[in-house]
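Throughout, protein chains are lettered first and strands after them, A, B, ... in sequence-line order, and every chain is numbered starting at 1. Just so it is clear, the values below take in all heavy atoms, side chains as well, and ignore hydrogens, waters and symmetry mates. Treat the numbers as computed from the prediction; the structure is a model and nothing was measured.
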Amino acid sequence: MEPVITRFPPSPTGSLHIGGARTALFNWLFARHHGGRFILRIEDTDVARSTEASIKAILDAMEWLELDWDEGPYYQTARLDIYREYLRKLLDSGHAYFCDCTPEELEKRRKEAMAAGRKPKYDGRCRDRGLGRGPHRVVRFRVPDSGTTVLNDLIKGPIFFENAELDDLVIERSDGIPTYNFAVVVDDVTMNISHVIRGDDHVNNTPRQILIYQALGIRLPFFAHVPMILGEDRTRLSKRHGATSVMAYKEMGYLPEALINYLVRLGWSHGDQEIFSRSELVEYFRLEDVGKSPGVFNPEKLLWLNAHYIKERSAESLVPVLRPFLDQRGCSAKSDGYLAEAIRTFQPRVHTLVEMADAMRVYFVEKVELDPAAAGKFLTEAMEEPFERLISAIEQMEDFRQESLESVFQQILNDMGLKFGKIAQPVRVALTGGTVSPGLFEMMGVMGKEAVLDRLKRGLEYIRSR
RNA sequence: GGUCCCAUCGUCUAGUGGCCUAGGACACUGGCCUCUCACGCCGGAGACAGGGGUUCGAGUCCCCUUGGGACUACCA
């Protein structure tokens, strides 16, 4: 068995999106599973649309997802000599020829053909004109007029194409830059790619590429076409469907492991298992378990996975990833230790780091802002005495810990013949301003004695003032 | 239009001729737990697109129909 070498070849015309990330992930997993190599290649032959910023954005996203590559990034624009060498071979063997039809003429003929009910394919006008290199001339690949080309897809099975349906595609533009279908073949050949795993929007390109392999006399790699990811409306996922860039999810407070876990299950499965660690993924991933039908991107399931991973991770490990979100909200002045304790109280209650950061405000505010409705309902005069007792009892506490806090509360409750449920909400309102929060004792443990006393006293003031 | 692909709950999926009275997960929903909200636990509703074959037997194999998607550039 030859070594497994896969590649991910994004074109730098935008950020890394969800679909590309899944393709990258599948390639990465397949290579890792087989102990092979994973190559990153930047397909920047579309000079007009490629940008430095996109390259950086893609690399950042790959790193965030921890999809590390063994070689590259290679840049196609730095490999022009190599394409020329292979182009020469095709020209010499008669598999390629020059064409001077202008884009305008081509467009016109396409329209005419369509209008006349014929196929809008290149008519082969320059095929046998024996043109040489010259300005405004492109190089076309000569596709056989007859015969069948078979794509033995590892996911979809054999797919047959009639060569007569294909037209002579341009393989080198008039500016000397190769086009995708040619560059991809030369790259995959020279990089010894063993498995080409890509989106199935490339299926129709594959016979052309296979023909080029054959014209070059080179053995084919294995092809595996992964079904598309669709939006809610079942069309190809795009910006119209909301956030589609990987980094947008980072900014919305998602954890990379959640995105990875979500993406891998979109199109791939391992029995009924839903949650996978990175090492399980590497161990289990097989192309045979990739489905054939396209899948709809479902943000709600991703959200559930994110909540799951927020609960699973240690609070300590969440501190550094949460920091940036806290900073944005001006909530920076706390130690890592304090944050870890605070995070713990919200881990089972939030779905994203954004929600977490928002919720954490209760631990940062100087003065609690009482929600009028909540205060009106719970900070009643019947609470005056319980609050007074609580305050003085807490003031006398030596060790302000959860357990001791609980017994202090219990003592007062017993003395007054009250149930905990009676004072829980009033205390919660005093502590947080609202009626929804983590458990009272865990929260007080985080806040500390001074903050708790301060808030209870303010609550008492409110009660007395009504 | 042409070429190609696809088709199990709303969504992601298990299922490879009998184990299916079709399983799991998200979402939805009833209940339990409970200091609120979550979490968690227990339960419910919810699908084999339609029609023909093949077979003793079809979600599983074949054909047709329907529906959806991709491609159809000097983009990738």
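- If you check B/A76, B/U3, B/A7 against the side chain of A/Phe161, the one that comes closest is B/U3.
- Side-chain proximity of A/Lys292 to the nucleotides B/A76, B/A7, B/C74 is greatest for B/A7.
- Residue contacts for A/Lys311: at a heavy-atom cut-off of 4.0 Å it reaches the sugar-phosphate backbone alone, with no base atom in range.
- Look at CG on A/Asn181: it is 12 Å from C1' on B/U72, rounded to the nearest Å.
- Residue A/Phe160 is in sugar-phosphate contact alone, with no base atom involved, counting any heavy-atom pair closer than 4.0 Å across all strands shown.
- Between A/His195 and A/Phe222, the ring planes lie parallel to each other; the angle is under 30°, not in the 30° to 60° tilted range.
- Shown here, B/C37 forms no base pair; nothing in the strands shown gives a Watson-Crick or G-U wobble contact with both key distances under 3.5 Å.
- B/C19 sits 37 Å from B/C4 when the C1' atoms are compared, rounded to a whole Å.
- Ion pairing between a basic and an acidic side chain is recognised when a charged N comes within 4.0 Å of a carboxylate O; A/Asp145 and A/Arg127 show such pairing.
- In this structure, a donor-acceptor pair under 3.5 Å is present between the side chains of A/Thr345 and A/Tyr363.
- For A/Arg349 against B/C37, a side-chain-to-base donor-acceptor contact under 3.5 Å is present.
- Contact annotation: A/Ser437 does not reach the phosphate of B/U36 (side-chain N/O to OP1 or OP2, under 4.0 Å).
- Between the CD atom of A/Glu300 and the P atom of B/G10 there is a distance of 15 Å, given to the nearest Å.
- The side chain of A/Leu266 lies closest to B/C12, out of B/G69, B/C26, B/C12.
- OP1 and OP2 of B/A70 both lie 4.0 Å or more from every side-chain N or O belonging to A/Arg234.
- Residue A/Val138 is in base contact, counting any heavy-atom pair closer than 4.0 Å across all strands shown.
- In the interface, the side chain of A/Asn205 is paired with the base of B/A76 through a donor and an acceptor atom under 3.5 Å apart.
- Atoms CG (A/Leu169) and P (B/C71) sit 17 Å apart, rounded to a whole Å.
- Nucleic acid contact class of A/His225 (heavy atoms, under 4.0 Å, all strands): none.
- A donor-acceptor contact under 3.5 Å links the side chain of A/Ser174 to the base of B/C74.
- Among the protein residues, A/Pro120 comes within range of the nucleic acid bases, having at least one heavy atom under 4.0 Å from a base atom.
- Comparing B/G23 with B/U16, their C1' atoms sit 16 Å apart, to the nearest whole Å.
- Protein atom CG of A/Leu302 is 12 Å distant from nucleotide atom P of B/A27, rounded to whole Å.
- Across the C1' atoms, B/C71 and B/G10 are found 29 Å apart, a figure rounded to whole Å.
- To the nearest angstrom, P of B/U13 lies 10 Å from CD1 of A/Ile229.
- Both cation-pi conditions hold for A/Arg140 and A/Tyr122: the charged atom is under 6.0 angstrom from the six-membered ring centre and inside a 45 degree cone around its axis.
- Ranked by how close their nearest RNA chain B nucleotide is to the 5' end, A/Gly271 and A/Val436 are led by A/Gly271.
- Defined by atom type and a distance below 3.5 Å, a donor-acceptor pair is missing between the side-chain atoms of A/Asn306 and A/Thr352.
- Per the geometry, CZ belonging to A/Arg428 stands 10 Å off P belonging to B/C35, to the nearest Å.
- Within the 4.0 angstrom heavy-atom criterion, no nucleotide atom of any strand lies near A/Pro9.
- Closest to the A/Arg49 side chain, of the nucleotides B/A25, B/C75, B/C6, is B/C75.
- Taking atom CE on A/Met228 and atom P on B/G69, their separation rounds to 14 Å, with Å as the unit.
- Distance noted for atom C1' between B/C20 and B/C9: 15 Å (whole Å).
- When Watson-Crick and G-U wobble pairs are counted only if both distances are under 3.5 Å, B/U66 pairs with B/A7.
- When distances are taken from the side chain of A/Ile159 to each of B/G1, B/C74, B/C4, the shortest belongs to B/C4.
- At the heavy-atom level, A/Glu274 lies under 4.0 Å from base atoms of the strands shown.
- Contacts of A/Gly434 with the nucleic acid, taken as non-hydrogen atoms under 4.0 Å apart, are absent.
- Distance from the side chain of A/Gln425 is smallest to B/C35 among B/C35, B/G24, B/C74.
- Nucleic acid contact class of A/Pro294 (heavy atoms, under 4.0 Å, all strands): sugar-phosphate only.
- Distance from the side chain of A/Arg110 is smallest to B/A73 among B/C35, B/C75, B/A73.
- When distances run from any side-chain atom of A/Asn204 to the nucleotides B/U13, B/C6, B/A70, the shortest one goes to B/A70.
- Of all nucleotides listed (B/A76, B/G24, B/C4), B/A76 comes nearest to the side chain of A/Asp46.
- The ring of A/Phe26 has its center closer than 6.0 angstrom to the ring center of A/Phe285.
- When the nucleotides B/C74, B/A38, B/C4 are ranked by their closest atom to the side chain of A/Leu106, B/C74 comes out on top.
- Using a 4.0 Å heavy-atom cutoff across all strands shown, A/Gly295 reaches sugar-phosphate atoms only and no base atom.
- Across B/A25 and B/A14, the matching P atoms stand 15 Å from one another, rounded to whole Å.
- Separation of the C1' atoms belonging to B/C26 and B/A45 is 15 Å when rounded to the nearest angstrom.
- For B/C74 and B/U11, the C1' atoms lie 41 Å apart once the distance is rounded to whole Å.
- Ring pair A/His202/A/Tyr180 is tilted by interplanar angle, where 30° to 60° counts as tilted.
- Side-chain rings of A/Tyr262 and A/Phe297 approach one another, their centers coming within less than 6.0 Å.
- Across all strands shown, the partner of B/G43 is B/U29, judged by Watson-Crick or G-U wobble contacts whose two distances both fall under 3.5 Å.
- Here A/Thr235 does not reach the OP1 or OP2 of B/G68: none of its side-chain N or O atoms lies under 4.0 Å away.
- Remark: P of B/C12 and CD1 of A/Ile260 are 20 Å apart, rounded to the nearest angstrom.
- Comparing B/U55 with B/U13, their C1' atoms are spaced 29 Å from each other, to the whole Å.
- Nearest-nucleotide mapping onto RNA chain B: of A/Tyr180 and A/Gly421, the residue sitting toward the 5' end is A/Gly421.
- In summary, A/Asp123 and A/Arg125 engage in a salt bridge, as defined by a charged side-chain N under 4.0 Å from a carboxylate O.
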